[in-house]
Amino acid sequence: MCESPEWKNALKKIIEQLRQQQYQKMLAELEEIPKSVKEETSREEMAQTILEYYGEEESITEIKRIMDEIPRRDSPIQNLLNPFVEKLGKKRKPGPKSEKQQESPSEFKKKKKTESDPDDDDDDDDDDDDGAGFDSDSSGDETQADDPGSSRSEKKVLHWRQRIRLLKENGGTNRKPVGGKVIQKCALRTYKTKEKQKKFFHLAVADETDCIKVTVYGEEQFNKVEEGRLYLFTDVEVDVVHGETVMKVTKHSKISETNGIKVPKNLELQSPFFSIEKIQSFKEETAVSVEGTVIEIEFQNDDTKENAHEFQLQDETGFIWIKLWRKKLRGMSVGDLVRVTNLTTNRYFETVSLNSTDFTRIHKMKTAAVQRVTMQTVGILEAGKEQCKLDVLINHKSRSFFIQSSLLADVLGVSLDDDFKDRLVKKIPFSAKGEIKQNKILTLKAAKATKT
């Protein structure tokens with residue numbers, strides 16, 4: 001059934017006659033169209049968009065279904081719609097398979113799922129890597145066999161569960177359950193209300209298409225959910241928290257074990273990536289990820305009695321401090337190129353830094369190499385008989401480096417005696433060339449070295 005201008009014009013008129021609330025309900029039911037596309041498309045252009053995503057046959061069937069559900073069964077709508085519904089019905093040939101052929105691809109697939117063994121998961125055979133929801137098994141070919149001209153886009157099927165990618169795009173579950181694998185489970189936390197303290201915990205859940213942060217309220221659920229297992233989340237709430245879509249499991253929700261959802265091994269929870277310059281403009285507690293080179297690492301014990309690591313990251317647009325709470329810096333050194341995911345912004349007056357979350361991950365992309373640089377030593381942080389720590393400017397940016405005391409003493413021509421630190425202070429500031437790796441100065445050659 002080739003796309004006809006008659007159906008497109010009728011569809012335009014149907015859309016024009018919908019009240020705003022009915023129009024929004026129609027958009028919510030058209031799940032194959034991404035939320036971003038719906039938001040950017042005007043009413044006048046929506047008919048063309050529907051045809052692009054559904055094709056003619058499927059769009060007629062879906063619009064008929066939606067008009068019945070809204071409901072718009074009145075004559076002005078039905079008189080526009082019925083001629084095309086009837087034409088579509090006549091096109092499907094009678095015969096041994098006529099009952100199946102009288103249904104659209106989506107209706108036939110829904111019926112097939114309902115009649116199948118409830119223990120069989122319908123996602124084993126219809127999941128493409130792109131999560132678009134194409135039917136890939138041979139049972140769906142009956143409809144196409146009767147219509148050799150039908151396109152692959154017209155074989156899209158609507159699933160009984162909401163895919164995570166669609167949930168994020170549309171901002172809701174469309175009253176469907178959400179299934180996925182728990183790829184990360186965080187510790188039980190406490191929050192206070194006026195009445196008492198309550199418990200909650202976070203999960204990262206992934207399906208074939210994407211990953212989402214899940215907040216589960218209630219201590220009783222904590223021991224029921226295990227990392228690495230597949231679950232179905234029913235009657236959940238969806239909210240946007242600090243710019244990030246979050247699924248909330250409340251006392252009204254259900255969590256049940258399921259099977260058959262294929263989750264890519266490399267899929268993980270990941271906030272959007274931004275440049276450091278862009279991050280500096282964000283509001284408090286905006287969810288971000290960032291990539292850059294580590295230029296400084298610090299360790300501290302604060303008043304909360306929790307060890308905190310802090311490091312400075314630099315990209316081509318600027319630099320920023322990142323504070324890690326309850327997390328250890330394993331194998332990371334100054335000079336490493338890293339990707340840091342799932343952070344939140346922190347503002348102190350005009351200064352912006354980043355804080356870790358339960359889901360923060362650090363991926364080392366490239367280990368620091370030996371670099372030849374010109375540096376200016378402007379301060380002595382520590383001076384011992386074995387090792388010194390210097391405050392050094394490289395490209396007008398302050399960094400801290402360790403150097404063997406014997407090498408520094410030899411280059412500057414000072415002796416390693418009790419007055420070593422005082423002798424070093426008298427030599428600064430001084431310029432030098434040398435080799436650095438991570439946070440260490442390996443070689444050093446000063447412009448001038450005088451004996452004292």
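Glu69 contributes no side-chain N or O that, together with a main-chain N or O of Lys25, makes up a donor-acceptor pair within less than 3.5 Å. For Asp239 (side chain) and Val241 (main-chain N/O), no donor-acceptor pair under 3.5 Å exists by modelled atom type. Under a 3.5 Å cut-off, the side chain of Thr234 and the backbone N or O of Pro177 do not form any donor-acceptor pair. In this structure, the side chain of Ser289 engages the main chain of Ser271 through a donor-acceptor pair within 3.5 Å. Checking side-chain atoms of Glu227 against main-chain N and O of Lys185 turns up a donor-acceptor pair under 3.5 Å. The main-chain N or O of Arg19 is found under 3.5 Å from a side-chain atom of Gln22 such that the two form a donor-acceptor pair. Gln314 places no side-chain N or O within 3.5 Å of a backbone atom of Thr293 that could act as its donor or acceptor partner. The backbone N or O of Phe359 lies less than 3.5 Å from no partner atom in the side chain of Lys213, so there is not a single donor-acceptor pair. Using modelled atom types, no side-chain atom of Glu382 and backbone atom of Gln387 make a donor-acceptor pair closer than 3.5 Å. A distance-only check finds a donor-acceptor pair linking the side chain of Thr443 to the backbone of Glu435 [under 3.5 Å].
Counting only heavy atoms from C-beta outward, the side chains of Leu203 and Val216 approach each other to under 4.5 Å. Annotation: side chain of Leu324 is in contact with side chain of Phe311 (closest heavy-atom distance under 4.5 Å). Between Val236 and Gln162, the closest side-chain pair of non-hydrogen atoms is not below 4.5 Å. The shortest distance between side-chain heavy atoms of Met46 and Leu11 does not fall below 4.5 Å. Counting heavy atoms from C-beta on, the side chains of Val37 and Tyr53 come closer than 4.5 Å. At least one side-chain heavy atom of Gln20 sits less than 4.5 Å from a side-chain heavy atom of Arg43. Considering only heavy atoms from C-beta on, Lys248 comes within 4.5 Å of Tyr217 through its side chain. Counting heavy atoms from C-beta outward, Leu390 and Met375 have side chains that stay 4.5 Å or more apart.
Checked by atom type, the side-chain pair Thr360/Asn342 shows no donor-acceptor distance below 3.5 Å.
Considering every non-hydrogen atom in both Glu32 and Tyr54, the closest pair reads N-OH, 3.2 Å. Annotation for Pro272 and Ala287: closest pair CD-O, 4.1 Å, computed over non-hydrogen atoms. Taking both residues in full, the closest heavy atoms of Ile212 and Leu167 are given as CD1-CD2, 3.5 Å, listed atom of the first, atom of the second, then distance. Pairing each heavy atom of Ile441 with each of Leu407, the nearest pair is O-CD2, 4.5 Å. Of all heavy-atom pairs between Ile14 and Met67, the closest is CG2-SD, 4.0 Å. Annotation for Ile261 and Gly179: closest pair CD1-C, 3.6 Å, computed over non-hydrogen atoms.
Phe282 is linked by a ring pair (Phe, Tyr, Trp, His ring centres under 6.0 Å) to Phe274, counting only residues two or more places apart in sequence or in another chain.
Ion pair Glu291/Arg339 flagged as a salt bridge, since at least one NZ, NE, NH1 or NH2 atom sits closer than 4.0 Å to an Asp/Glu carboxylate oxygen. For the pair Glu220 and Lys224, the salt-bridge criterion is not met [side-chain N within less than 4.0 Å of a carboxylate O].
By the neighbour-count criterion of 12 heavy atoms within 6.0 Å, atom NZ of Lys168 is densely surrounded, having more than that number from other residues, nucleotides or ligands. No more than 12 heavy atoms of other residues, nucleotides or ligands lie within 6.0 Å of OH in Tyr348, so this atom counts as exposed by the packing criterion. Within a 6.0 Å sphere centred on CD of Gln404, heavy atoms belonging to other residues, nucleotides or ligands number 12 at most. Open room surrounds CZ on Phe319; 12 or fewer heavy atoms of other groups in view lie less than 6.0 Å from it. Residue Asp418 places its CG atom among 12 or fewer non-hydrogen atoms of other residues, nucleotides or ligands, all under 6.0 Å distant. Around atom NZ of Lys440, no more than 12 heavy atoms belonging to other residues, nucleotides or ligands sit under 6.0 Å away.
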Requested in this report: Could you check Val414 against Lys427 for side chain to side chain contact (heavy atoms under 4.5 Å, CB included), going step by step and ending with a plain yes or no?
Outcome: CA-CA 9 Å; Val414 300; Lys427 293 290 184 178; 4.0 Å; yes
Report task. Kindly determine whether Val352 and Glu284 satisfy side chain to side chain contact (heavy atoms under 4.5 Å, CB included), including the steps that lead there. Result -> CA-CA 9 Å; Val352 177; Glu284 180 86 356; over 6 Å; no
Query raised in the report: Passes salt bridge (charged side-chain N to carboxylate O under 4.0 Å, His left out), Arg163 versus Glu208? Steps please.
Result: CA-CA 8 Å; Arg163 304 303 171 93; Glu208 312 89 337; 3.8 Å; yes
Query raised in the report: After noting the C-alpha distance and the side-chain angles of Glu31 and Arg161, does the key distance pass the salt bridge (charged side-chain N to carboxylate O under 4.0 Å, His left out) rule?
Result: CA-CA 11 Å; Glu31 293 181 314; Arg161 62 181 169 89; over 6 Å; no
Report task. Could you check Lys323 against Ser353 for side chain to side chain contact (heavy atoms under 4.5 Å, CB included), going step by step and ending with a plain yes or no? Result -> CA-CA 8 Å; Lys323 193 165 189 176; Ser353 60; over 6 Å; no
Query raised in the report: Is there a side chain to side chain contact (heavy atoms under 4.5 Å, CB included) between Leu51 and Trp7 once you walk through the steps?
Result: CA-CA 10 Å; Leu51 287 168; Trp7 167 238; 3.6 Å; yes
Requested in this report: Carefully, step by step, assess Ser333 and Asn439 under the rule side-chain hydrogen bond (donor to acceptor under 3.5 Å, both in side chains).
Outcome: CA-CA 7 Å; Ser333 303; Asn439 61 340; over 6 Å; no
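Atom OG of Ser405 and atom CG of Asp410 lie 12.5 Å apart (nearest 0.5 Å). The line from CZ of Arg165 to SG of Cys211 is 12.5 Å long, rounded to the nearest 0.5 Å. Taking CD of Gln376 as the reference point, atom CZ of Phe430 lies at 9.5 Å (rounded to 0.5 Å). Note that the CG atom of Leu313 and the CG atom of Leu343 stand 9.5 Å from one another [nearest 0.5 Å]. Interatomic distance, OG1 of Thr215 versus CE of Met247, reported as 9.5 Å (0.5 Å rounding). Note that CD of Glu29 is 8.0 Å distant from CD1 of Ile70, once rounded to the nearest 0.5 Å.
Between Phe233 and Tyr231, the ring planes are tilted. Angles from 30° to 60° get that label.
Checking each of Thr286, Val290, Thr344, Ile276 against Leu354 for a side chain to side chain contact (heavy atoms under 4.5 Å, CB included) leaves exactly one that passes, namely Val290. Test Lys364, Lys437, Lys366 against Asp336 for salt bridge (charged side-chain N to carboxylate O under 4.0 Å, His left out) and you get one pass: Lys364.
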